Structure formats: structure tokens, C-alpha cells
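What follows is one structure encoded as C-alpha cells, with my remarks underneath.
The structure presented is a predicted model; accordingly, all values stated were derived computationally and were not measured. Quick note: numbers below take in every heavy atom, side chains included, and nothing from hydrogens, waters or symmetry partners.
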Amino acid sequence: MRNAVVHAARVFGAGLVFSAPVIADDAAIRRNLAARLADLPKVDEISKTSIPGLFEVRIGNDIFYSDANGDHLIQGSIVDTRSRGDLTQARINKLTAIDFAALPLKDAIVWRQGSGTRRLAVFADPNCGYCRRFEKDLNHVKDVTVYTFLYPILGGDSPEKSRDIWCAKDQATVWRDWMIDGKTPPRSIGACNTAALQRNAALGARHRVNGTPTLVFEDGTRVSGALPAEKLEKQLIDSAAKSSSPTKR
């Protein structure tokens with residue numbers, strides 16, 4: 001999709017200047033982008049930004065920007081030079097946030113460390129190298145309950161390994177033994193209800209989880225990729241503070 005963008009630039013908050021105010025023409029933007037960029041996927045939403053003359057073009061969870069006529073398509077981040085905040089990333093974070101309270105935790109492997117007072121959900125593939133590294137880093141994080149949604153998207157024997165782990169008597173131990181120590185999960189024999197794995201696949205697809213590990217924190221913050229222990233600890237603290245603030249109650 002990004003190869004289809006013919007006019008792309010990194011945008012900084014104070015650097016956008018338009019010669020005259022314009023009125024957004026949703027139909028014109030859609031029509032011109034579709035006609036001129038044949039490989040560009042269908043636009044899901046067009047909305048005004050806080051910058052006069054600049055409009056957000058949302059395609060799935062990807063954000064682009066356009067003038068009112070679709071003559072230019074801009075790919076990059078808008079940075080507020082006063083707060084130094086990345087407004088584009090903040091918008092993406094909002095789009096990709098997942099309601100932790102709505103997660104079907106019964107379909108996850110659960111294990112606790114310390115008091116387990118803080119909670120974290122992880123979409124993980126048993127053959128994911130970054131997931132393995134993340135599991136090892138979790139050993140250095142205190143007082144957390146981890147909900148692992150088996151999400152075998154890497155191909156190979158990921159589905160079979162996921163089944164063997166899910167069907168194990170002690171799922172958490174088998175999962176951690178495999179991810180941390182490389183101990184092959186015992187082969188599942190006989191009847192086993194693996195409907196949770198199908199539900200996990202649908203859940204991930206619904207939320208456009210395209211890679212592993214994908215982390216979901218209690219305040220809905222979503223992070224794609226492994227976080228080292230120190231950054232994970234900071235995010236757990238920040239998420240706990242947000243989820244317990246008066247505005248979240």
C-alpha cells in the first residue's frame with residue numbers, strides 16, 4: 001500500500017502552510033485518490049484535522065493526510081511543536097486500542113508472578129522468536145498476571161504446537177517451558193476442545209492483530225512487538241494509573 005503513495009513526506013506541526021482556506025470535499029478526495037492511485041486500498045474515513053486545509057485519510061489503521069482535492073497525499077507524523085507530542089501516533093493508538101475488559105480471558109493461558117495485581121494480555125505464536133525473548137524478559141517483571149492468547153499465524157507447525165499447549169493439563173507450565181527453555185510440548189492425544197484457538201484467530205482478525213507479540217494493557221493501550229523489561233514496567237505503571245483515574249471510572 002505504501003508503495004502506491006506517490007507524494008509522501010514527513011510532516012512536522014509548524015511546517016504545514018496552505019495558501020487559502022478550503023472546504024473538504026469528501027467525494028472529490030475519494031474520487032481523485034482512487035483514480036490516480038489505483039493500488040491504494042479503499043478509503044475508510046476522511047475527517048478534518050486541527051490544521052486548516054489538511055484532512056486525515058484513514059485506511060484501516062493507517063493514517064495519511066490530504067489537501068481538500070486529493071491532489072497530494074502525505075505519509076508521516078504530525079508533531080505538535082509545543083508539546084512535542086506525535087499527534088499521528090496518538091490517533092493510531094486510539095484506533096488500535098482494545099477494551100481489556102471485553103477480552104475473552106477464558107480463552108487465554110493464565111499465569112501469575114508475585115501478587116499478580118497488574119494485568120497484561122499477549123497475542124503470541126509459539127514459533128515467534130520475539131515472543132520467546134519477551135517471555136524471558138517477563139521473568140524480571142513483578143506482580144503481573146499474564147493472559148496469553150495463542151495466535152498461530154506464522155505457519156509451519158504453529159497450529160499443532162498451539163493445540164498441544166492448549167490441550168496440556170498444565171497449560172502455563174508447558175507454554176513457559178517451551179518458550180523459555182525450548183522443551184517440546186507433549187503431543188496432544190485424544191479428544192480436546194480447541195474452539196478457543198478458533199475464537200482467538202477471529203478475535204485477532206477483528207482487531208487487526210497482524211504480528212506477534214501484540215501486547216494489550218489494562219487501559220487499552222496496544223503495543224506491537226516485544227518490550228524489554230524496563231519499558232514494559234513503565235507501560236504497566238502508566239496503564240495502571242490511567243485505568244484507575246477518575247475519568248476512566
Output the distance between atom [atom1] ([X]) and atom [atom2] ([Y]), rounded to the nearest 0.5 Å.
X: C128; Y: E135; atom1: SG; atom2: CD; answer: 10.0 Å
X: S158; Y: I165; atom1: OG; atom2: CD1; answer: 9.0 Å
X: R222; Y: T96; atom1: CZ; atom2: OG1; answer: 5.0 Å
X: S224; Y: F123; atom1: OG; atom2: CZ; answer: 10.5 Å
X: N127; Y: W178; atom1: CG; atom2: CH2; answer: 6.0 Å
X: R91; Y: D86; atom1: CZ; atom2: CG; answer: 13.5 Å

Do [X] and [Y] meet the criterion of a side-chain donor-acceptor pair at a distance under 3.5 Å?
X: S115; Y: D143; result: yes
X: Q171; Y: W111; result: no
X: N69; Y: R31; result: no
X: S162; Y: Y151; result: no

Carboxylate-amine/guanidinium proximity below 4.0 Å for [X] and [Y]:
X: E233; Y: R118; value: yes
X: D62; Y: R58; value: no
X: K234; Y: D238; value: yes

Shortest non-hydrogen pair, D44 vs G60, comes out as OD2-N, 2.5 Å
Residues K106 and W166: closest non-hydrogen pair is O-CH2, 3.8 Å
Donor-acceptor contacts under 3.5 Å from residues 181-193 side chains, at least two apart:
| from | atom 1 | to | atom 2 | distance (Å) |
| --- | --- | --- | --- | --- |
| N193 | OD1 | A195 | N | 3.0 |

Quick one: are [X] and [Y] in side-chain contact, heavy atoms under 4.5 Å?
X: I74; Y: L54; value: yes
X: L120; Y: V216; value: no
X: V79; Y: T88; value: no

Please verify the inter-ring angle class for F100 with Y147; under 30° counts as parallel, over 60° as perpendicular, anything in between as tilted.
perpendicular
query = Can you list the steps and then say if L150 with K161 is a side-chain contact (heavy atoms from CB on, under 4.5 Å)?
reply = CA-CA 10 Å; L150 291 172; K161 276 197 176 77; over 6 Å; no
